[in-house]
Structures are given as structure tokens and as C-alpha cells.
Amino acid sequence: MAENKKMSTAEILAAARAAKAAKTEPPAAVDVAPAADTPAAEAPKPAPSKPIAKPAPAAGGRPSVAEIMALARAKKEAEQGGGAAAPVEKPVPKPAPAKAPTLKADGDKPAAKSAAPKVLARDTASILAAARTGAKPGPVSKADAPTRPAPVAEVATVVKAPPAKLAAAPTLPSKPIKTVAKKGADAEADRRGFLEMVLGSFMATGFTALSMTGGLFGLGLARFMFPNVLAEPPSRFKVGFREGFPAGKVETKYVAQYGVWVVNSDVGGLQQIYALKTVCTHLGCTPNWLEAEQKFKCPCHGSGFYKDGVNFEGPAPRPLERYAIRISDDGQLEVDKGRTFHEEIGQWADPDSYITV
Ligand code: FES
């Protein structure tokens with residue numbers, strides 16, 4: 001049984017198929033049951049007509065796999081015509097797959113590569129070491145710089161000499177570089193200055209325009225809040241004591257400020273002081289007092305008025321008007337322009353329109 005376990009899967013499957021076929025078709029009797037590991041050449045050659053003997057059952061009454069396989073082979077040989085039984089081929093062990101070359105613990109490369117010359121397996125450390133010992137200076141760390149060994153001619157062939165330009169680079173004069181850098185800095189400073197100047201100009205212009213706009217707006221607002229108001233003289237004003245107006249005198253010094261003539265004259269046999277309005281009754285011009293002619297003469301259309309104000313020439317339709325006049329508490333004469341008196345309607349007879357002397 002221990003040998004039976006060594007059968008391959010193909011053999012086991014073939015035996016199973018043979019056993020299944022044997023069940024459906026009873027095999028011929030075989031004289032001797034071949035052992036499982038016995039080659040077919042050594043087994044007795046069964047005659048083609050001979051019935052194949054049924055293999056003896058195992059001790060347990062159930063044939064083993066090897067017995068089933070032997071039975072199957074015998075049946076097959078009998079079917080092929082009873083020729084010499086071909087030797088049972090042993091299962092050819094499959095060739096073991098080629099294992100990949102295992103690397104050793106020390107990290108060696110595969111055998112094929114390890115056979116290569118060691119010169120090709122140069123690492124950075126070896127290259128640096130060779131460079132340090134070369135004729136031309138190579139890369140070296142700061143720590144190794146003071147202890148740099150003398151150049152060796154052999155290693156010099158490994159390390160390439162630096163290009164001529166690179167070797168000559170450290171000897172370049174630094175003055176031109178500084179000059180170029182200085183020129184670049186000056187150009188940058190000039191550009192910045194120009195930009196700052198332009199920006200400052202724009203900002204100054206903007207702030208100036210804004211200030212002017214704000215000022216104009218403030219003026220307009222002030223004009224709106226405080227409009228023009230005509231400073232008119234008060235309607236009542238004092239012109240002095242009555243002694244300042246002698247008889248027959250026409251005072252003209254209040255014309256420009258108050259528009260009033262203060263006259264001391266005889267009107268209808270009564271000496272009076274009254275205040276005449278300096279407005280022509282024609283179209284509103286201001287007549288002039290002509291002392292030589294003792295009349296008021298309008299320059300616009302030639303109307304003429306006597307000293308008492310009655311019109312006598314020109315287009316003026318009616319006499320001049322009077323303002324109310326009275327003696328104030330302090331004894332001065334006070335004119336009230338809030339009240340007027342018209343002669344054509346008899347208002348000059350009103351005592352408020354004159355002061356008796
Ligand atoms: Fe005085 Fe015409 S306005 S005469």
C-alpha cells in the first residue's frame with residue numbers, strides 16, 4: 001500500500017476509469033494478479049483468448065487502486081489482440097522546474113553576474129577613492145580635503161579630467177560680475193523710481209481732483225444753506241431833530257440810503273415837515289431835486305414836480321407819495337416807510353403824513 005501511494009494522479013484516474021469499465025463489462029479471468037509495482041514485462045503474458053482473471057480482492061474485500069490499474073492494463077492488452085504486453089511504463093517524473101538562482105545572505109549577485117569581472121561592479125565609494133588618488137583633483141568631501149593623498153597615475157585614467165572651461169572658471173575675475181550686477185541693480189532702481197513717480201503723479205492728480213470736487217461741493221452746499229438776502233434798510237429810521245430842517249429846505253442826504261426827501265415847506269398856508277418818496281409816478285424812475293428851479297425833475301421822461309410833490313409837467317399822472325413821519329420819544333423825526341399817503345385821494349390831510357413846525 002505504501003507503494004501505491006506513489007502513483008501519480010494520471011494513473012489513479014486511469015485506474016478509476018478502468019474500474020468503471022470493468023463494472024459495466026466483466027473482465028476476463030486472469031491467472032495471476034500482478035502486483036502494483038511489478039512491471040508488465042515480468043507478468044505472465046496473457047493469451048488473447050484467455051479470460052482475464054479477476055484480481056483477488058484485498059484483505060478487506062475491496063481492490064486497491066494498484067490492483068484496479070493492473071486489471072485495466074490487462075484488459076487493454078487483451079483487447080489489443082493478445083500480443084506481447086508492452087512493458088508498463090513507469091510514471092516519468094516531471095522535471096523539476098528550474099529554480100531561480102537564490103541569492104546568498106551576503107547579497108551576492110546571481111552566479112552569471114558574479115562571474116563578470118569585478119571591475120564593472122564599481123560603486124561610488126571606489127570611484128571616489130580612485131578619484132582621490134588620481135592625478136587630477138576630483139570630488140572630495142570637506143572632511144577628506146586636508147588628508148588628500150598624492151595623485152596616482154594609474155587612477156588618473158579612471159577619472160576624467162574636468163573640462164578646460166570648468167577648470168578655468170574659478171580664475172575668472174569677479175569685477176565684471178560685480179559691474180554687471182551693479183548695472184542690473186541700477187536699472188531695477190531706475191525702473192522702480194519711474195514707476196513710483198508715475199504712481200505718485202496719478203495719486204496726486206487724483207487727490208487734487210478729489211479735493212477740488214469736495215471744495216466745490218462744500219461751496220454749493222453753503223450757498224444752498226445761506227442764499228443771498230437783500231439787506232434792505234429798516235422801514236423806520238430817524239433823520240434828526242426838526243431844527244435840522246429849516247423852512248424851505250429840501251434835504252437830499254437820505255435819498256441814496258432810504259429813498260426819501262425830507263422837506264420843510266409851506267403847504268396850503270401851513271408850514272410842514274414831510275417825507276416825500278423818491279419814485280416817479282410815471283414809470284418809477286428817481287427824479288432829481290433842482291435847487292435852482294425849485295422842482296423835482298424826472299430824467300426818464302421829463303416829468304416835473306413842485307416842492308410839495310404835486311406834478312405839473314411830463315407824463316407823470318399824479319403827485320409824489322408821502323411816507324408817515326412822527327416825532328420819536330427822543331425828539332428826533334422818525335420816518336416810517338411802511339405807510340404811504342396819496343394826495344389824489346386826500347391822504348395828505350392825515351396828520352401822520354406831516355409834522356407841523
Ligand atoms: Fe418819470 Fe417817466 S419815469 S417821467
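Every number for a ligand or one of its atoms is a count from 1 in the order of the listing. This one's a predicted model, so the numbers in the text were calculated from it and none came from an experiment. Computation of the quantities below employed the complete heavy-atom set of this structure, encompassing side-chain atoms and omitting hydrogens, waters and symmetry-equivalent molecules.
Listing protein N, O or S atoms at distances below 2.8 Å from atom 1 (Fe) of ligand 1, with waters left out, gives C280 SG, C298 SG.
Under the 2.5 Å cut-off for SG-SG separation, C300 and C285 qualify: their sulfur atoms lie closer than that.
By the 30° and 60° cut-offs, the orientation of the rings of F312 relative to Y306 is parallel.
Residue K249 qualifies as open at atom NZ: its count of foreign heavy atoms under 6.0 Å is 12 or below.
V250 shares a hydrophobic cluster with V255, W261, V263, V267, L270, Y274, L276, W289, F296, F305, L320, Y354; the chain of contacts runs through ILVMFWY side chains whose heavy atoms sit under 4.5 Å apart.
Rounding to the nearest 0.5 Å places NZ of K307 at 5.5 Å from OG of S265.
Inter-residue side-chain proximity for E321 and F341 is flagged as unmet; no heavy-atom pair is nearer than 4.5 Å.
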